[in-house]
Structure formats: structure tokens, C-alpha cells
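All chains are named by letter (A, B, ...) in the order of the sequence lines, taking the proteins before the strands, and each is independently numbered beginning at 1.
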Amino acid sequence: MTQTHDGTAGTPAPEEAGRYDAHAMQERWLPVWDSLAPFRSGAAGDERPKKYVLDMFPYPSGDLHMGHAEAYALGDVVARYWVQRGYDVLHPIGWDAFGLPAENAAIKRGLDPRGWTYDNIAQQRASMRRYACSFDWDRVLVTCDPQYYRWNQWLFLRMHEKGLAYRRPSLVNWCPNDQTVLANEQVVQGLCERCDTPVTKKKLTQWYLRITDYADRLLDDMSQLEGSWPDKVLSMQRNWIGRSTGADVRFRIEGRDEPVTVYTTRPDTLYGATFFVVAADSDLAAELAADAPEQVRQEFGAYVEQVRAASDIDRLATDRPKTGVFLHRYAVNPATGEPMPVWAADYVLADYGHGAIMAVPAHDQRDLDFARAHDLPVRVVVDVRGEDGEPLPDPAESGVATAGDGVLVNSGPLTGLRKAEAIAAMTERLAEEGTGAATTNYRLRDWLISRQRYWGAPIPIVHCDACGEVRVPDEQLPVELPPAEGLDLKPKGSSPLGGAEDWVNVDCPSCGGAARRDTDTMDTFVDSSWYFLRFCSPDRDDVPFDQAEVERWMPVGQYVGGVTHAILHLLYSRFFTKVLFDLGMVSFTEPFSRLLNQGMVLMGGSAMSKSRGNLVRLSEQLDEHGVDAIRLTMAFAGPPEDDIDWADVSPAGSAKFLARAWRLARDVTSQPGSDPATGSAPLRAVTHRTLHDAQQLVESFRFNVAVARTMELVNATRKAIDDPGVGPADPAVREAVEAVAILLGLYAPYTAEDMWAQLGHEPCVARAGWPAVDPALLVEDTVTCVVQVQGKVRDRLEVPPGIGEDELRELALASERVQAALAGRSLRTVVVRAPKLVNIVPA
RNA sequence: GCCCCGGUAGCCCAAUCGGCAGAGGCAAUCGACUCAAACUCGAUCCAGUGUGGGUUCGAAUCCCACCCGGGGCACCA
């Protein structure tokens with residue numbers, strides 16, 4: 001390190017030519033920062049209060065792009081702000097490094113995914129350094145390192161012990177392109193989230209995590225996050241969990257010993273249940289059809305085949321006709337004793353509730369559509385009125401089911417009750433008769449975590465003919481992935497690990513006999529469900545995380561990332577945290593106290609993509625405008641959660657502003673330490689007001705406004721320097737420019753550092769500390785009072801802020817312009833809001 | 001279909017409690033500097049807040065209805 005930054009020693013100013021050169025600054029300060037490591041966190045004896053600021057870690061697919069640039073710029077504002085405020089900030093970074101892109105690239109090039117992955121990590125890491133991310137580089141973690149995924153496996157085993165990890169056969173989502181199963185959360189509109197291929201169904205035995213056990217807590221604990229997480233995310237999670245309350249009702253089926261249970265949210269409408277529907281692809285449907293006449297059996301068989309062949313996309317279409325097959329069986333309505341025809345149909349889902357429903361066509365649109373298509377009876381049992389108080393038209397004729405509130409009719413003892421009363425009464429009666437009970441259902445399904453692909457953490461289970469599923473003992477962890485060399489990684493529907501004979505065949509840890517390893521790997525969302533804990537003690541090799549360190553830092557005080565993870569990653573992480581709480585490993589139940597979702601970076605109104613031809617390359621932007629200008633543009637573009645259209649913003653404008661700010665530092669002629677109290681009072685007021693407001697603004701994520709206020713301060717300072725009455729030697733000017741350097745440090749670290757050096761200070765400006773705001777300077781000596789006549793501004797008065805109402809009223813009424821506007825009319829009211837406003841209302 | 005968010009100048013966006021519609025920027029135009037241009041500096045231009053009602057002394061802000069845009073969930077019984 002040379003003394004180039006040492007302005008006090010008479011060495012040349014950093015930019016002696018007097019020109020702002022973003023690239024020269026980058027070259028100058030990077031090595032300085034490397035050696036000073038201003039963002040190292042958690043040092044022994046560091047007494048600063050702790051704060052955990054976390055950016056969602058990236059997937060290492062090639063170099064950083066514009067989206068990363070936005071996310072990391074915004075996360076950095078928050079992290080740097082708290083450092084400046086005197087906190088010991090944990091701001092780590094790592095890589096979510098397992099996953100399909102690496103594997104697919106490896107297949108394409110015939111290489112091991114490791115090489116591709118670590119090359120990309122090295123590239124991203126270098127880019128992050130240049131981008132001046134304030135990461136603690138001593139805490140880097142990479143999920144595909146055995147030292148990391150070892151603890152994935154360890155956590156899996158703990159869950160397995162608790163029965164929270166289990167294997168079962170079921171109909172699962174299958175992506176024919178990626179040749180692997182998908183979790184429910186990874187299917188978007190019937191398409192694979194990753195590659196947009198239509199998802200099909202397959203019957204497979206797979207590993208699940210029992211997230212449904214935590215549905216209530218995942219839902220109810222959201223009250224803790226209210227106000228600290230975006231409403232949008234909370235509502236998405238609520239929707240996703242989809243809790244509904246209702247009742248289970250048991251129906252006797254003629255010719256079957258066991259009754260069949262259905263779930264309904266409307267037990268009050270039991271008297272209106274006129275038929276019964278079972279999911280066509282359910283076991284129950286097959287069983288009921290088996291005893292039906294031959295012709296029905298054939299019809300049913302053909303129907304089921306057709307249903308199975310239909311993709312999710314077909315199923316999702318809302319205007320599809322309601323199809324089904326009458327099974328020639330009858331269920332008995334427990335309320336009326338009437339026989340109800342049993343149909344098999346695909347509008348009933350096999351894996352929700354019990355895969356069978358009581359159909360109440362009068363009050364459920366889907367049932368009504370089905371009844372009308374198949375000529376089944378419709379019976380109204382709730383008198384639902386419109387807004388005008390008139391009864392709604394008969395659903396059987398109108399084709400519109402009446403699902404709203406009303407009074408029960410044709411319903412035996414329920415008749416005359418309102419909907420809510422009737423639900424309670426019927427639930428009670430079912431319980432008394434032993435034919436039903438109140439119950440809760442969820443849309444949320446258990447989390448399917450097995451993947452039939454190579455590049456993931458192996459599931460640490462051994463299958464033994466004698467002992468069954470055997471957990472790999474902790475001391476044998478990690479179960480390392482075998483080298484890809486010699487394995488056929490091409491997707492073929494079963495895990496490539498099956499081909500690694502030496503790896504698969506092991507002795508059973510329990511009986512020592514011949515056994516085989518489980519060949520599936522874990523969903524990469526398992527990796528990211530606890531990485532924030534690992535950052536607290538990334539080097540511990542005896543435990544997944546150091547509990548004392550976790551208690552010191554967690555929960556994450558500020559999490560920053562894209563809304564694309566609103567459900568998947570955030571729900572899974574919340575789930576893991578609750579499991580770890582139950583295991584006694586953490587003392588909190590929510591991992592992320594505050595969440596900021598940044599928007600996306602668009603170009604010309606749409607998402608950037610190579611195929612669309614609107615790709616903006618980050619590296620080119622950085623070369624053209626410099627790191628600081630790009631970071632500043634990201635912060636200034638608008639509210640962080642809004643999308644940024646790169647066509648609407650001006651990185652060149654940002655660079656211009658930075659140069660303007662930088663020139664202020666160049667022009668200051670006073671020495672460090674000069675007493676600002678002797679300087680220009682008006683400029684001091686602006687400086688302190690700006691510092692004061694910036695705190696509020698940054699803490700509430702209004703970075704764009706905070707930048708605008710910094711621009712104001714720059715403008716005011718420039719005016720002061722050019723004002724002969726103030727000038728560059730005024731200590732208030734120095735105070736203002738130092739404030740600018742510190743404020744800009746949040747968005748434009750290179751420029752700020754250079755300014756700091758020009759001002760004669762040692763690096764780093766990032767650790768300079770937030771200047772104390774003098775409350776006395778925030779008090780204005782006069783306030784502009786607006787005088788309105790009938791709501792229209794007629795005059796302005798300069799008044800002291802503490803002026804009394806009566807005095808202000810007199811002053812306002814004395815105004816010539818007001819009198820002119822009144823034109824002699826008498827007064828009705830005079831509204832006085834001292835000191836800012838008087839409104840005079842003439843009669 | 002249900003739920004949520006938003007609509008302010010040509011554009012991106014501000015506007016603590018209901019109190020002057022404009023903080024900041026982009027673009028445009030003009031001027032100064034320049035041989036000229038770039039840079040820089042200065043100035044100017046531009047909306048009455050999606051529409052219609054209501055509450056109020058006073059509404060971008062609160063209420064109602066509607067229009068437009070974005071998002072989430074969606075045969076979940």
C-alpha cells in the first residue's frame with residue numbers, strides 16, 4: 001500500500017489531473033480494502049453490537065448478471081449503513097452450488113460438474129470483489145463441499161429419527177425433460193419451474209419431509225412477521241398453506257363394509273348433497289368400480305386411462321367440461337337416508353382431503369357444473385339473498401351456484417338457522433352420532449425431496465434386505481458423492497448414482513450384511529434451508545453450527561432477495577428453523593426477522609433474455625460507467641421492490657452526479673478537524689437535516705429518496721462553495737462534503753473512499769462512523785405559513801415555528817392579499833394549524 | 001372466479017398526521033464557456049394526481065363505484 005491516499009502528507013491528490021476517473025479509483029482502492037478487510041465480523045473482543053444482514057446466496061451459473069447487481073447493491077446499502085452506524089455486521093456470502101445447470105453443462109461437455117461449478121464460483125467471487133460487496137470473505141461456504149453437505153445429511157438423519165423424513169409411494173410430479181421428480185412448489189402452472197416442460201404424473205416411492213406437521217405453526221407464526229415482511233410474501237405463503245376448516249363426514253356405501261369419509265367445508269349443506277364423487281385416479285374409485293357391471297368397468301378403465309394421460313396443464317384449464325363415469329354404486333346420505341349415486345370424476349383430487357366428496361350442486365359451482373352435465377338432481381338448502389334482498393335465482397335454472405351466506409331451508413332440524421349456526425349444529429350432530437367430526441385441511445403437501453440426479457447431496461440411508469431402511473451412522477458422514485468420472489450422468493429416470501457399483505454396494509451399518517445405498521440426491525432447497533445458520537460458524541467440523549455463535553447472530557436481522565423465493569426457499573427455511581427449535585438446537589422459531597424483496601431488472605418492459613435480444617451485460621455496464629454508477633443507479637431507480645427498467649434509468653446520469661460530488665472534495669481547502677460551528681449556518685442545517693433524514697430513509701428501504709436527498713446536499717454544497725460569502729475554505733463546507741462522502745459510501749464506495757482521501761483522511765470511509773446529528777441544527781428559525789382563502793393559497797408568511805394560534809390568525813387576517821381576496825366578505829370560519837397553515841373561509 | 005398491490009409532468013419517481021402537488025433525476029429547449037464540440041455551469045418548459053361520486057374549511061392521501069396495469073391462488077370440496 002502506498003501513501004497515495006494520504007492527502008495530508010502533501011502527496012498528490014488521488015486524481016491529480018482533477019478529473020473523475022472511475023476505473024482508476026477501482027484499481028486504487030481494491031488492494032487497500034483487501035488489506036484492511038473492513039467488513040470482517042465477529043472478531044474476538046469486538047464489542048460493537050451485532051447485526052446479521054444476509055443476501056440470498058447465488059447459484060453459480062456463469063458470471064454475475066444485472067439481477068445480482070441490483071440485489072447485492074441494495075443488500076450492501078443496508079450492510080454498509082449498519083457498519084457505519086457502529087455495528088459489527090455479519091454480511092456473508094456463499095454459493096448454492098448443487099443443482100441441474102452444473103450437471104447439464106457437465107453432460108454437454110463430458111466433464112465433471114465440480115469443475116464447472118468451482119470455475120463459476122471463482123468468476124463470481126472476483127466480480128463481487130470488484131463490485132465492492134461488503135462481504136466478510138472469511139466466512140464463505142459452498143453447498144457442494146462435502147464439509148457442508150455432510151451436515152445436510154446429519155440434519156436429514158435427525159429428521160428421520162423423528163419421523164419427519166420418510167419414504168412412501170405416491171403419484172408424483174415428474175419432469176420428462178429433467179427426468180426427475182419435482183416438489184409441488186416447483187410446478188408452476190403445470191410446468192416445470194426450471195425448464196417449462198409440462199409436468200406429468202408418475203407413481204414412485206420417494207423421500208418426503210413432513211412439512212405438513214408444521215402447517216399450523218408456519219401459518220400462525222406469520223403474525224410475528226407482520227409488518228417486517230412484505231405483505232405480498234405473507235399472503236402468498238398463507239395461500240400456499242391453504243388452511244381450511246370444515247368437517248369429515250362418514251358415508252355408508254351400499255355393498256361396502258367400511259364407510260367412506262369425505263371432507264367438506266360446508267357440513268351445513270348435507271341435506272343438499274345429491275350425489276357422491278370419488279377421484280377417478282384414486283384407489284377407492286378402482287375398488288368401487290371393480291364390483292360394477294362389466295360395461296361400467298370398461299368405461300371406467302378407459303376413463304382413468306384418459307385422466308392419467310392428461311397433463312397438469314389440461315387439468316388446470318378452468319373451462320373444461322366436467323367429465324365422469326357413473327359407477328352404479330350408491331352412498332347413503334346420513335342426514336336424509338337417501339341413496340346418492342357414486343361417480344368417478346377428475347375434478348375431485350385424489351390427494352386432497354380423502355379423495356372423495358359429497359356433491360352439493362345448489363351451493364358449489366363445480367358440483368353444479370357436473371350435475372348439469374350429467375343430469376343429476378339439484379336441491380337448494382340455503383336461501384341466499386342478493387344485495388337487493390331478493391332471493392337469488394334457482395341454481396338449477398341459472399347455472400350459478402349460490403355459495404354465500406343465508407338461512408337454511410329443507411334441512412330438517414337445521415332449517416331456519418343461518419349458515420354459521422348450521423355448520424356448528426351439524427358438526428355437533430355428526431360428532432354425537434359418530435358419523436363425523438370437525439377437522440382442518442391444508443393445501444400444503446409434504447415436501448418431496450428426492451431427486452434422480454447426480455449433482456446433489458446423497459441421502460444417507462442404506463437399504464438392507466434384513467434390516468430395511470438403515471441410517472448411515474453419524475461418524476460415517478459425509479456420504480460423499482462418487483466421482484462423476486465413469487458414470488453416465490444422462491437423465492434416464494433413475495439416479496446416475498445407481499451406476500456407481502463400488503459406491504452403492506456397502507455393508508449394512510446395522511447387521512453387516514450386503515446392502516445398497518439410497519441412490520437419490522436431495523433437492524437443493526434442502527441445502528439452502530439452513531445455510532444462514534452455517535454462516536455463523538462456517539468452519540466448525542464437529543457440528544452443523546456453533547449454538548453460541550448462532551445465538552449471537554441469529555435471527556437474520558435483514559434478509560434481502562428476490563420475490564421468486566417467496567414460497568419455496570422462505571417456507572422451507574421457516575420449516576427447518578422450527579424443526580431445529582424442536583430439536584433444541586436454536587432458541588427462535590423464525591429465521592428472518594425482516595425481509596426485503598427487490599424487484600427485477602428489465603429491459604424495454606420485459607425480462608432480459610438472450611433469445612429476446614434485450615440482454616444487458618453487467619460487465620459491459622461496469623466497463624462503461626464504473627461500478628459506483630451502476631450501484632447508485634440500482635439504488636436510485638425507484639422503490640427497491642419495484643422492477644427497474646434499464647431503458648428508463650440513466651447510469652450516465654449517475655456517473656455525472658458522482659463526478660459532481662467528487663469535485664466537491666477536490667475543492668475543499670480547509671484542514672481536517674476544522675470546527676464546523678464557525679461555518680455557514682444554512683449549509684450546516686442542510687447537512688444535519690440530510691444526515692438525520694437519511695437514517696429514517698435507509699432504515700425503511702427508501703434508498704431512492706435517500707439518494708435524492710444526498711443530491712440535494714451536493715447541490716447545496718456546490719452553491720455554498722461558489723458563493724463568495726461562504727467559499728471552499730468554510731468549515732461548514734468541509735462538514736458537508738464529509739457527510740456526502742459518508743452518505744455516498746453506502747452506494748458508491750469507490751467515489752466515497754476517494755473523496756475521503758482527498759479530504760485528508762485515512763481509509764476506510766466505510767468505517768468512519770455515522771456523524772452525530774446536532775438536534776439544534778434541525779430546528780428551523782422560521783417556517784413558511786400558507787394563508788388560504790377558501791382553500792386557495794393567497795399569501796405566505798414567514799413566522800417563528802412556535803407561533804401561537806391567535807397571533808397567527810391575526811397576522812393572516814392582516815395580510816393585504818387576504819383582504820383583497822376576501823373583498824369585504826364576512827368570515828365563516830378560520831382554520832389555524834400553526835405554524836404552517838391558515839385557511840380563511842368567508843361566509 | 002377469489003385475494004393483494006399500484007395508477008402523480010414526455011419518462012423514472014417524491015410529497016410524516018388530510019394542509020403550498022415537486023425533493024431528486026432522465027429527456028427536451030435556450031443561454032454561458034469553446035474555433036467547434038464534448039464536459040461543465042445556469043435557466044426554461046411540463047401534470048392538478050386513472051374516471052365518477054362522497055366526507056371535509058381543505059383530499060394525491062379517507063370512503064363508495066367503476067376503468068386500466070401488475071401479482072398471487074385457483075376444479076383444494
Side-chain angles (χ1 to χ4, degrees), chain A residues 19-20 189 230-244 246 249 262-267 269 273 277 279 315-320 322 345-349 351-360 363-367 369-370 400 403 441-445 563 566-567 599 632-633 636-639 641-645 647-654 656-657 659-660 663 693 696-697 700 702 704-715 718 722 784-796 827-833 836-842:
Chain A
R19 281 206 41 186
Y20 178 86
Q189 304 279 307
D231 290 342
K232 183 178 163 180
V233 174
L234 294 176
S235 95
M236 282 169 76
Q237 293 218 355
R238 284 198 185 96
N239 270 332
W240 190 262
I241 295 167
R243 179 161 64 192
S244 80
V249 184
V262 305
Y263 172 71
T264 177
T265 55
R266 295 293 304 274
T269 60
V277 188
R315 270 191 91 129
L316 281 170
T318 46
D319 50 355
R320 268 170 77 237
K322 293 270 184 296
D346 68 351
Y347 83 93
V348 171
L349 305 177
D351 60 350
Y352 183 79
H354 305 281
I357 62 152
M358 64 179 216
V360 185
H363 307 295
D364 182 287
Q365 190 60 47
R366 297 153 301 182
D367 296 344
D369 293 343
F370 192 83
V400 179
N441 252 296
Y442 305 89
R443 216 187 68 92
L444 181 72
R445 307 290 201 272
V563 74
I567 297 174
L632 184 74
T633 301
F636 184 55
E641 56 276 9
D642 288 2
D643 291 344
I644 298 173
D645 193 327
D648 289 338
V649 296
S650 172
S654 298
K656 215 162 82 176
F657 163 70
R660 199 169 133 78
R663 286 194 302 268
D693 291 357
Q696 280 294 313
L697 291 167
S700 53
R702 298 195 296 158
N704 55 326
V705 185
V707 171
R709 301 299 305 278
T710 306
M711 289 173 168
E712 261 184 290
L713 177 57
V714 167
N715 292 344
R718 170 50 61 194
D722 293 346
T784 306
C785 175
V786 175
V787 185
Q788 302 175 331
V789 174
Q790 220 162 3
K792 284 190 180 158
V793 181
R794 296 299 183 184
D795 202 1
R796 285 157 220 271
L827 305 181
R828 187 145 71 100
T829 17
V830 179
V831 180
V832 183
R833 290 283 175 275
K836 297 188 75 173
L837 179 128
V838 177
N839 190 12
I840 298 161
V841 187

Engineer: If every non-hydrogen atom of A:Phe370 is compared with every non-hydrogen atom of A:Ala345, which pair is closest and at what distance?
Structural biologist: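 So the two residues come closest at CE1-CB, 3.7 Å.
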
Engineer: Going by the side chain to side chain contact (heavy atoms under 4.5 Å, CB included) test, name the single residue among A:Thr269, A:Asp367, A:Val277, A:Asp364 that passes it with A:Met358.
Structural biologist: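 Single pass found, and it is A:Thr269.
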
Engineer: Look through every strand shown and name the nucleotide pairing with B:rA28 as Watson-Crick or G-U wobble, where both distances are under 3.5 Å.
Structural biologist: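 B:rU44 is the nucleotide pairing with B:rA28.
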
Engineer: Please find the pair of heavy atoms, one from A:Lys322 and one from A:Asp369, that lie closest to each other, and give the distance.
Structural biologist: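 Taking every non-hydrogen atom into account, CG-CB, 3.8 Å.
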
Engineer: Could you tell me whether A:Asn839 contacts a base, only the sugar-phosphate backbone, or nothing, with contacts defined as non-hydrogen atoms closer than 4.0 Å?
Structural biologist: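 Since a base atom lies under 4.0 Å of A:Asn839, the category is base.
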
Engineer: Is it the case that atom CZ in A:Arg828 sees more than 12 heavy atoms from other parts of the structure closer than 6.0 Å?
Structural biologist: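 At most 12 heavy atoms, drawn from other residues, nucleotides or ligands, come within 6.0 Å of this atom.
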
Engineer: How far does the P atom of B:rG25 sit from the matching atom of B:rA14, given to the nearest Å?
Structural biologist: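 After rounding to an integer number of Å, I get 15 Å for this pair.
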
Engineer: Between A:Lys836 (NZ) and B:rG18 (P), how many Å, whole number?
Structural biologist: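 The distance from NZ of A:Lys836 to P of B:rG18 comes to 14 Å, rounded to the nearest Å.
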
Engineer: Is the glycosidic angle of B:rC63 within 90° of 0, making it syn, or outside that range, making it anti?
Structural biologist: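 What B:rC63 shows is an anti base, its glycosidic angle lying more than 90° from 0.
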
Engineer: Can you tell me how far C1' of B:rC11 sits from CG of A:Asp642, to the nearest Å?
Structural biologist: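 It works out to 15 Å between those atoms.
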
Engineer: Using Watson-Crick or G-U wobble geometry with both distances under 3.5 Å, which nucleotide pairs with B:rA23?
Structural biologist: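 Paired with B:rA23, as far as the under-3.5 Å criterion goes, is no nucleotide at all.
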
Engineer: Name the closest nucleotide to the A:Thr829 side chain, picking from B:rC57, B:rA14, B:rG24.
Structural biologist: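 Between B:rC57, B:rA14, B:rG24, the one nearest the side chain of A:Thr829 would be B:rC57.
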
Engineer: Working to the nearest 0.5 Å, report the span between CG of A:Asp648 and CG of A:Asp643.
Structural biologist: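 The CG atom of A:Asp643 is 11.0 Å from CG of A:Asp648, to the nearest 0.5 Å.
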
Engineer: Which part of the nucleic acid, if any, lies within reach of A:Arg660 when heavy atoms closer than 4.0 Å are counted: base, sugar-phosphate only, or nothing?
Structural biologist: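 The residue A:Arg660 makes sugar-phosphate contact but no base contact.
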
Engineer: At under 4.0 Å between heavy atoms, what does A:Lys232 touch on the DNA or RNA strands: base, sugar-phosphate, or nothing?
Structural biologist: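 Sugar-phosphate contact only - A:Lys232 comes under 4.0 Å of backbone atoms but never of a base.
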
Engineer: With syn defined as a glycosidic torsion within 90 degrees of 0 and anti otherwise, which applies to B:rG42?
Structural biologist: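 For B:rG42, whose glycosidic angle is more than 90° from 0, the conformation is anti.
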
Engineer: Taking atom CD of A:Gln696 as the centre, report whether more than 12 heavy atoms of other residues, nucleotides or ligands fall under 6.0 Å from it.
Structural biologist: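 No, the 6.0 Å shell around CD holds no more than 12 heavy atoms from other groups.
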
Engineer: Pick base, sugar-phosphate or nothing for A:Phe636, based on heavy-atom distances below 4.0 Å to the nucleic acid.
Structural biologist: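 It contacts base atoms.
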
Engineer: Closest heavy-atom contact between A:Ser650 and A:Thr633?
Structural biologist: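 Heavy atoms only, the tightest pair is O-OG1, 4.1 Å.
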
Engineer: Check whether the side chains of A:Asn839 and A:Arg833 place a donor and an acceptor atom closer than 3.5 Å, and report yes or no.
Structural biologist: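 Note: A:Asn839 and A:Arg833 side chains miss the donor-acceptor criterion.
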
Engineer: Return the 5'-most residue of the pair A:Leu697, A:Asp364 with respect to RNA chain B, ranking by each residue's nearest nucleotide.
Structural biologist: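 Nearest nucleotide further toward 5': that of A:Leu697.
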
Engineer: Whole-Å distance between B:rC3 C1' and A:Asn239 CG?
Structural biologist: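 Answer to the nearest Å: 7 Å.
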
Engineer: Tell me: CG of A:Leu234 to P of B:rG72, nearest whole Å?
Structural biologist: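 So the two atoms are 16 Å apart, to the nearest Å.
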
Engineer: Give the rounded distance in Å between these two atoms: CG of A:Asp693 and P of B:rA15.
Structural biologist: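 Distance check: A:Asp693 CG to B:rA15 P gives 12 Å.
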
Engineer: Between A:Arg718 and B:rU40, is there a contact of a side-chain N or O with OP1 or OP2 at under 4.0 Å?
Structural biologist: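 For B:rU40, OP1/OP2 do not have a side-chain N/O of A:Arg718 under 4.0 Å.
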
Engineer: For a quick check of understanding: with a heavy-atom distance under 4.0 Å over all strands, which category does A:Gln696 fall into, base, sugar-phosphate or nothing?
Structural biologist: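 If one applies the 4.0 Å heavy-atom cut-off, A:Gln696 turns out to touch nothing in the nucleic acid.
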
Engineer: Find the partner of B:rC73: check Watson-Crick (N1-N3 plus N6-O4 or O6-N4) and G-U wobble (N1-O2, O6-N3) distances, both under 3.5 Å, and reply none if neither fits.
Structural biologist: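 Its partner is B:rG1 (Watson-Crick or G-U wobble, both distances under 3.5 Å).
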
Engineer: Please report the distance, rounded to the nearest Å, between CE in A:Met236 and C1' in B:rC5.
Structural biologist: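 To the nearest whole Å, that distance equals 13 Å.
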
Engineer: Would you mind telling me which residue lines up with the more 5' stretch of RNA chain B, A:Thr784 or A:Tyr442, judged by nearest nucleotide?
Structural biologist: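 Whichever sits nearer the 5' end wins; that is A:Thr784.
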
Engineer: Base, sugar-phosphate, or nothing for A:Val786, non-hydrogen atoms under 4.0 angstrom?
Structural biologist: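 Here A:Val786 touches the bases of the nucleic acid.
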
Engineer: Determine the Euclidean distance between corresponding C1' atoms of B:rC62 and B:rG19; express it in Å to zero decimal places.
Structural biologist: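 Here B:rG19 and B:rC62 have their C1' atoms 14 Å from each other.
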
Engineer: Take the protein atom CG of A:Asp643 and the nucleotide atom P of B:rG71, then report the distance between them rounded to whole Å.
Structural biologist: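 Interatomic distance, CG of A:Asp643 to P of B:rG71: 9 Å.
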
Engineer: Looking only at atom C1', what distance separates B:rG7 and B:rC66, rounded to whole Å?
Structural biologist: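 My reading of the C1' atoms in B:rG7 and B:rC66 gives 14 Å.
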
Engineer: Counting the atoms with a prime plus P, OP1 and OP2 as sugar-phosphate, which does A:Val649 contact under 4.0 Å by heavy atoms, base, sugar-phosphate, or nothing?
Structural biologist: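 Here A:Val649 touches no strand at all.
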
Engineer: Should we count CG of A:Asp722 as having more than 12 external heavy atoms under 6.0 Å?
Structural biologist: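 More than 12 within 6.0 Å, yes.
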
Engineer: What distance, rounded to whole Å, do you find between the two C1' atoms, one in B:rG53 and one in B:rC45?
Structural biologist: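 Going atom to atom, C1' in each nucleotide, I get 35 Å.
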
Engineer: Suppose you measure atom C1' in B:rA15 against the same atom in B:rA21; what distance do you get, rounded to whole Å?
Structural biologist: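 Comparing C1' positions in B:rA15 and B:rA21 gives a spacing of 7 Å.
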
Engineer: Just checking A:Arg702: base, sugar-phosphate only, or nothing, at a heavy-atom cut-off of under 4.0 Å?
Structural biologist: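 Answer is sugar-phosphate: A:Arg702 comes under 4.0 Å of backbone atoms only.
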
Engineer: In whole Å, what separates the C1' atom of B:rU56 from that of B:rC63?
Structural biologist: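 Each nucleotide's C1' atom is 12 Å from the other's.
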
Engineer: Please state the C1' separation for the pair B:rC17 and B:rC13 - nearest whole angstrom.
Structural biologist: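 Taking atom C1' in both B:rC17 and B:rC13, they lie 23 Å apart.
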
Engineer: Once you apply a heavy-atom cut-off of 4.0 Å, does A:Ser650 come out as touching a base, just sugar-phosphate, or nothing?
Structural biologist: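 Counting heavy atoms under 4.0 Å across all strands, the contact made by A:Ser650 is with sugar-phosphate only.
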
Engineer: Both distances below 3.5 Å, Watson-Crick or wobble geometry, any strand: find the nucleotide opposite B:rA38.
Structural biologist: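 Result: none.
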
Engineer: Write down the distance separating the P atoms in B:rU29 and B:rA38, rounded off to the nearest Å.
Structural biologist: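 The answer is 11 Å between these two P atoms.
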
Engineer: When you measure from the side-chain N and O atoms of A:Tyr347 to the phosphate of B:rA77, is any distance below 4.0 Å, counting only OP1 and OP2?
Structural biologist: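 Answer is no, no contact under 4.0 Å.
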
Engineer: Any base atoms under 4.0 Å from A:Ile567, or only sugar-phosphate, or nothing? Heavy atoms, all strands.
Structural biologist: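 Here A:Ile567 touches the backbone only, sparing every base.
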
Engineer: Please determine, for the side chain of A:Asp648, which listed nucleotide (B:rC57, B:rG24, B:rC11) has the closest atom?
Structural biologist: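 Looking only at side-chain atoms, A:Asp648 lies closest to B:rC11.
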
Engineer: Given B:rG24, B:rA77, B:rC57, which nucleotide is nearest the side-chain atoms of A:Met711?
Structural biologist: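 The listed nucleotide nearest to A:Met711's side chain is B:rG24.
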
Engineer: Ignoring hydrogens and angles, does a donor from either the side chain of A:Lys322 or the base of B:rC75 sit under 3.5 Å from an acceptor on the other?
Structural biologist: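 Side chain to base: pair found, below 3.5 Å.
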
Engineer: Within this structure, what is the CZ-to-P distance between A:Arg238 and B:rG72, rounded to whole angstrom?
Structural biologist: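 Result: 18 Å.
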
Engineer: At under 4.0 Å between heavy atoms, what does A:Arg243 touch on the DNA or RNA strands: base, sugar-phosphate, or nothing?
Structural biologist: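 Touches nothing.
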
Engineer: Of the options B:rG19, B:rC13, B:rA77, whose atoms approach the side-chain atoms of A:Val831 most closely?
Structural biologist: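 Closest nucleotide among those given: B:rG19.
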
Engineer: Base, sugar-phosphate or nothing for A:Ser244? Non-hydrogen atoms, less than 4.0 Å.
Structural biologist: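 Sugar-phosphate contact only.
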
Engineer: Please work out if A:Asp369 contacts a base, only the sugar-phosphate, or nothing of the nucleic acid, heavy-atom cut-off 4.0 Å.
Structural biologist: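 Counting heavy atoms under 4.0 Å across all strands, no contact is made by A:Asp369.
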
